[in-house]
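A quick write-up on the structure given underneath.
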Amino acid sequence: MSEVRFRKPQAEDGARIWELVRQSRVLDVNSIYCYIMLCRYFAETCVIAEKEGELTGFVTSCPVPGSRDTLFVWQIGVAESERGQGVGRRLLEELLKRESCRDIRYLETTISPSNGPSRALFARLTDSLETKMVEAGGFPAQMFPGEEHEEEKLYRIGPIATTILKS
């Protein structure tokens, strides 16, 4: 059984991430260009997971403007074949261990009410970081034009102790 390997993405990984998002049938599919830009300009705060050269997961995030200690986790996805094996939590832990995230004390993310697996993932991460997760507003469904879109509740996790991340 081969190991999952984690690394910073490159622009060329954008299309692979887009395909994994499309295949998930649960994540919002954004343009390929969006994923290419995330991989190029936010590689320090994005992680991909590979197994035998195949993309098995990713996390995209970016610093919250005006807040040096907060990172917004935009999307996280794990290939169906790897779900339930801790890849999602390991992606987030790998991200938080990076030098570029040394000042991060809080994670923020939005999760729709029907996305139980995502809430469970962030709850497990919160437990492993020995901190708390609080709901802090979000985006109501009416903000999303076109097709029906659920509200997105904003969750804030922290404070994150640096000693936990170094172990």
Side-chain angles (χ1 to χ4, degrees), residues 1-63 70-102 104 106-133 138 149-150 152-158 160 164-167:
M1 187 164 154
S2 69
E3 286 292 312
V4 176
R5 187 174 77 91
F6 300 94
R7 68 172 174 85
K8 293 177 188 176
Q10 299 173 343
E12 294 79 10
D13 294 310
R16 296 170 66 206
I17 291 173
W18 175 85
E19 183 61 31
L20 189 73
V21 170
R22 193 183 66 73
Q23 289 174 2
S24 78
R25 296 180 306 279
V26 293
L27 294 171
D28 287 339
V29 180
N30 297 281
S31 73
I32 294 174
Y33 185 68
C34 180
Y35 295 107
I36 291 170
M37 293 297 102
L38 282 164
C39 290
R40 179 177 175 124
Y41 294 111
F42 293 98
E44 292 295 325
T45 56
C46 296
V47 181
I48 64 170
E50 294 175 310
K51 191 174 186 179
E52 298 178 358
E54 294 295 317
L55 181 69
T56 58
F58 72 92
V59 61
T60 55
S61 69
C62 59
T70 306
L71 190 67
F72 181 78
V73 176
W74 181 45
Q75 278 188 318
I76 184 165
V78 176
E80 194 169 347
S81 63
E82 298 297 315
R83 291 182 191 154
Q85 298 180 42
V87 174
R89 186 173 54 104
R90 289 173 58 204
L91 279 160
L92 292 166
E93 289 171 348
E94 184 73 22
L95 173 63
L96 289 169
K97 288 178 185 176
R98 288 194 179 157
E99 179 63 22
S100 59
C101 293
R102 75 173 183 272
I104 298 300
Y106 296 91
L107 289 181
E108 290 184 349
T109 193
T110 59
I111 305 171
S112 59
S114 67
N115 192 341
S118 190
R119 269 194 325 281
L121 166 64
F122 283 98
R124 285 190 303 273
L125 177 70
T126 299
D127 290 344
S128 74
L129 295 174
E130 300 175 8
T131 193
K132 61 185 175 183
M133 179 169 69
H149 193 293
E150 282 186 279
E152 292 281 341
K153 295 184 178 215
L154 179 68
Y155 292 91
R156 184 169 170 90
I157 298 166
I160 300 167
I164 289 177
L165 298 175
K166 301 303 178 204
S167 57

Is the backbone of Pro113 close enough, under 3.5 Å, to the side chain of Arg119 for a donor and an acceptor to pair up by distance? yes
Does Ser24 form a side chain to side chain contact (heavy atoms under 4.5 Å, CB included) with Arg83? I'd like the steps, not just the answer. CA-CA 11 Å; Ser24 78; Arg83 291 182 191 154; 3.9 Å; yes
Is Glu54 salt-bridged to Lys51, cutoff N-O under 4.0 Å? no
Answer yes or no: is there a side-chain heavy-atom contact under 4.5 Å between Cys46 and Val59? no
Any salt bridge between Glu94 and Arg90, counting N to O under 4.0 Å? no
Going from OG on Ser61 to CD1 on Ile76, what distance comes out if it is rounded to the nearest 0.5 angstrom? 9.5 Å
Can you tell if the side chain of Lys153 reaches within under 4.5 Å of the side chain of Ser112, non-hydrogen atoms only? no
Pairwise side-chain contact, Leu20 with Phe58, heavy-atom cut-off 4.5 Å (strictly under): yes
So, taking the atom named CD1 in Ile157 and the one named CG in Leu92, what distance separates them when rounded to the nearest 0.5 Å? 8.0 Å
Take a 6.0 Å sphere around CD of Glu80 and say whether it holds more than 12 heavy atoms from other residues, nucleotides or ligands. no
The single option from Arg7, Lys8, Arg98 that satisfies salt bridge (charged side-chain N to carboxylate O under 4.0 Å, His left out) with Glu44 is Lys8
Close side-chain approach of Thr56 and Val78, heavy atoms under 4.5 Å: no
Is the shortest heavy-atom distance from the side chain of Glu150 to the side chain of Ser114 under 4.5 Å? yes
Take Glu19 and Arg16 through the test salt bridge (charged side-chain N to carboxylate O under 4.0 Å, His left out) and record every step on the way to the result. CA-CA 5 Å; Glu19 183 61 31; Arg16 296 170 66 206; over 6 Å; no
Quick one: CG on Asn115 to CD on Glu152, what's the gap to the nearest 0.5 Å? 8.5 Å
Quick one: list whatever passes side-chain hydrogen bond (donor to acceptor under 3.5 Å, both in side chains) with Arg5, sequence neighbours left out. Glu50
For Ile32, what residues pass the side-chain contact (heavy atoms from CB on, under 4.5 Å) criterion, not counting sequence neighbours? Ala15, Trp18, Ile36
Is there a side chain to side chain contact (heavy atoms under 4.5 Å, CB included) between Tyr106 and Leu71? Walk through the geometry before answering. CA-CA 6 Å; Tyr106 296 91; Leu71 190 67; over 6 Å; no
Taking the side chain as C-beta and beyond, is there a heavy-atom pair between Thr110 and Phe72 under 4.5 Å? yes
Spacing of Thr109 atom OG1 and Met133 atom CE [to the nearest 0.5 Å]: 9.5 Å
I want to check something: taking the side chain as every heavy atom from C-beta on, are Ile104 and Leu96 in contact at a cut-off of under 4.5 Å? yes
Pair Arg89, Glu93 - check salt bridge (charged side-chain N to carboxylate O under 4.0 Å, His left out), show working. CA-CA 6 Å; Arg89 186 173 54 104; Glu93 289 171 348; 3.0 Å; yes
Looking only at heavy atoms, what is the nearest atom pair of Leu125 and Ser128, with distance? O-OG, 2.9 Å
Just wondering, do Ser100 and Phe42 contact through their side chains at under 4.5 Å, heavy atoms? no
Separation between CD1 (Ile17) and CD (Gln75), nearest 0.5 Å, reads 9.0 Å
Which distance, rounded to the nearest 0.5 Å, do you find between the OG of Ser118 and the CD1 of Ile111? 4.0 Å
With side chain to side chain contact (heavy atoms under 4.5 Å, CB included) as the criterion, how do Tyr35 and Val21 come out once you've worked through the C-alpha distance, each side chain's angles and the decisive distance to 0.1 Å? CA-CA 10 Å; Tyr35 295 107; Val21 170; 3.6 Å; yes
Applying side chain to side chain contact (heavy atoms under 4.5 Å, CB included), run through Thr126 and Leu107 and close with a yes or a no. CA-CA 10 Å; Thr126 299; Leu107 289 181; over 6 Å; no
